[in-house]
Structure formats: structure tokens, C-alpha cells
Amino acid sequence: MQASYENPPTDETSFRQSVQQELANLHKKVAPLSVEDSEFYPAPDLVFNDALFLMETLFIFGIPSPDISWTEDGILNFKWHLEDGIAMLEIYGDGLVVYNVTRDDERPDEVSFTLTDTASLQDCLAKLNRLF
């Protein structure tokens, strides 16, 4: 399951409403799959709360909107396709976020942190900002 924002709104209120709608649509698509497929883990509501918080934070920091996808093991991914690699935030729904950037010919940069760890969150946002 994937969502993307080709033309995100420019004001914060419209952006929040747009993100809430996209996440709600994704949640509706994911929920039936967990019933139909025993290998597919359902989405905890906290994942969507954390995702909304992160999308608003990315917007405030001027970081482009990512592609959003759902994995079978219950993780929500934010993904950016770079010229020379991929940047990703994995959202687990318990406050845990994994930042991972893989670029051609470089060692991957991976950091795990909780959303309550403001220093690590700001470090992650600064790293993402430098990529764009």
C-alpha cells in the first residue's frame, strides 16, 4: 500500500487535512488485508498518529513529502528517492523511528530513536534537510 503527495498544499492547515485524509485512506486499505492474510500484520493506530506528527514536522522543516507505504510486518515507511540513493523513515507506532539513508558508494547511515528524544529527532531532520 502506498500514498504520495504530488502537489502538497502550501499552508499548514490544508497540509494537515490532506495528510490526515491520505493516512485514513491508507488505513482503510490496510485494515481488511490483516483479516484476509494471516501473514499481514494490522496497523496499530499509534503508527498513524506518529506518521501525522512526523509529516507535520517535515512540513515545518521544509522537507519534501515522502512516498508513504505499508509493509506486511506492520511498519509504515516514508521514502525519498534521491539522485544517488534512498532515504527512509520507518515508523513502528510505539514512538520508535528508524532513519536510514543508503547512497551509492557510501556506508548506510542508520539511526534509531524515539519521537520523545527531541535531540535525535532534530538531528534526523537536519540530516534529511541536507539531502534536499
Side-chain angles (χ1 to χ4, degrees):
M1 298 290 129
Q2 185 167 324
S4 64
Y5 299 88
E6 292 179 15
N7 296 311
T10 53
D11 69 273
E12 196 169 342
T13 303
S14 296
F15 181 77
R16 180 181 175 81
Q17 291 170 344
S18 172
V19 169
Q20 284 176 320
Q21 185 61 50
E22 284 298 320
L23 291 173
N25 291 342
L26 186 59
H27 192 271
K28 285 179 192 174
K29 291 176 186 175
V30 169
L33 292 176
S34 63
V35 173
E36 296 169 9
D37 184 355
S38 63
E39 299 292 317
F40 195 88
Y41 293 92
D45 290 337
L46 291 175
V47 165
F48 294 100
N49 293 340
D50 291 351
L52 179 60
F53 170 77
L54 280 169
M55 286 295 289
E56 290 173 337
T57 305
L58 295 171
F59 180 81
I60 291 166
F61 275 74
I63 297 168
S65 295
D67 291 334
I68 301 173
S69 61
W70 188 260
T71 65
E72 290 183 2
D73 54 354
I75 301 168
L76 193 64
N77 287 324
F78 286 2
K79 187 183 287 187
W80 295 266
H81 298 276
L82 311 171
E83 286 183 23
D84 61 346
I86 294 175
M88 196 161 45
L89 290 177
E90 297 174 335
I91 305 164
Y92 290 81
D94 56 0
L96 179 65
V97 175
V98 176
Y99 164 86
N100 186 325
V101 175
T102 306
R103 300 176 106 175
D104 298 343
D105 302 327
E106 290 185 25
R107 271 187 24 201
D109 180 13
E110 184 171 309
V111 178
S112 299
F113 61 93
T114 61
L115 290 175
T116 56
D117 182 353
T118 55
S120 293
L121 176 59
Q122 289 208 341
D123 182 50
C124 170
L125 294 170
K127 288 179 179 184
L128 280 171
N129 228 347
R130 285 191 294 270
L131 296 174
F132 307 101

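Since this is a predicted model, take the numbers as computed values, not measurements.
Atom CZ of F48 and atom CE of M55 lie 13.0 Å apart (nearest 0.5 Å). Taking CG from L46 and OH from Y92, the interatomic distance works out to 15.5 Å, rounded to the nearest 0.5 Å. Between Y99 atom OH and L89 atom CG the span is 8.0 Å, to the nearest 0.5 Å. Here I91 contributes atom CD1 and L115 contributes atom CG; the two are 8.0 Å apart, rounded to the nearest 0.5 Å.
A single hydrophobic cluster is not seen to contain both F132 and M88; linkage of ILVMFWY side chains at heavy-atom distances under 4.5 Å, directly or through other members, places them apart. I75 and I86 fall into different hydrophobic clusters, where Ile, Leu, Val, Met, Phe, Trp and Tyr are joined by side-chain heavy atoms under 4.5 Å apart, directly or via other members.
Salt bridge status for K79 with D67: absent, with no side-chain N to carboxylate O gap under 4.0 Å.
Using a 4.5 Å cut-off on side-chain heavy atoms (C-beta onward), L58 and S65 make no contact. With contacts defined as side-chain heavy-atom distances shorter than 4.5 Å, the pair K127/D109 qualifies. Annotation: side chain of W80 is in contact with side chain of I63 (closest heavy-atom distance under 4.5 Å). S112 is not listed as a side-chain neighbour of E90, based on a closest heavy-atom distance of 4.5 Å or more. When side chains are defined from C-beta on, L131 counts as touching R103, because their heavy atoms get closer than 4.5 Å.
Of all heavy-atom pairs between A87 and V101, the closest is CB-CG2, 3.8 Å. Residues V47 and W70 share a closest heavy-atom pair of CG1-CZ3, 3.4 Å. Nearest approach of A51 to F78, heavy atoms of both residues: O-CZ, 3.7 Å.
The one candidate from T116, T114, V97, L54 that meets the side-chain contact (heavy atoms from CB on, under 4.5 Å) condition with L121 is L54.
Looking at D50, its side chain does come within 3.5 Å of a backbone N or O of G95 through a donor-acceptor pair.
A 6.0 Å sphere centred on CD of E83 holds no more than 12 heavy atoms belonging to other residues, nucleotides or ligands.
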